[in-house]
Amino acid sequence: MHDFILAEDSELWDIICDGLFIPMKTIGEPAVTVPKTRKEYNDTDRKAIEKNFRAKKIPVCGIRPDEYNMISACQSPKEIWEALQMAHEGTTQIKQSKIDMLTTEYELFKMKDEG
């Protein structure tokens, strides 16, 4: 999936990994950064917001109906990506357990082959 997204647009992958782009502005003394209202968006902001929607659509396009039910409550592309990763790969602890199990199986196979 990652390669497909990069081929589409590397900024989409940034949105998936880092979260949605939110147009911001600086106001007041001392200066504070706050989100812009829709009326304050310029063309660059609108294009970036459009990428938010495209980034959310990409992971959704290639999933099964049961996976869609799992991610339907996700609000951002990052949440969708994390939910899909969890469903297919598991947590870091689960991945490490799988690696340990496969390593043990390989070592047992290797000992059988040598014996």
If Ile, Leu, Val, Met, Phe, Trp and Tyr residues are connected whenever their side-chain heavy atoms lie under 4.5 Å apart, and connections chain through other members, are Tyr41 and Phe53 in the same group?
yes
With a 4.5 Å cut-off on side-chain heavy atoms, are Asp45 and Phe21 touching?
yes
Rounded to the nearest 0.5 Å, what separates atom CD in Glu50 from atom CZ in Arg54?
6.5 Å
Can you measure from SG (Cys74) to CG (Leu84) and round to the nearest 0.5 angstrom?
7.5 Å
Could you state the interatomic distance from CD (Glu82) to OG (Ser76), rounded to the nearest 0.5 Å?
7.5 Å
In Å, rounded to the nearest 0.5 Å, how long is the span from CG of Asn52 to CG of Leu12?
9.5 Å
Taking atom CD1 of Ile22 and atom CD1 of Ile49, what is their separation to the nearest 0.5 Å?
7.5 Å
Given side chains that start at C-beta, do those of Lys78 and Asp18 come closer than 4.5 Å, heavy atoms only?
no
Between Thr37 and Glu40, a side-chain donor and acceptor under 3.5 Å
yes
Does a sphere of radius 6.0 Å around NZ in Lys36 hold more than 12 heavy atoms from other residues, nucleotides or ligands, not counting ones at 6.0 Å or beyond?
yes
Sub-4.5 Å side-chain heavy-atom contact between Leu20 and Pro77
yes
Would you check if Lys51 and Ile15 make a side-chain contact, meaning some heavy-atom pair closer than 4.5 Å?
yes
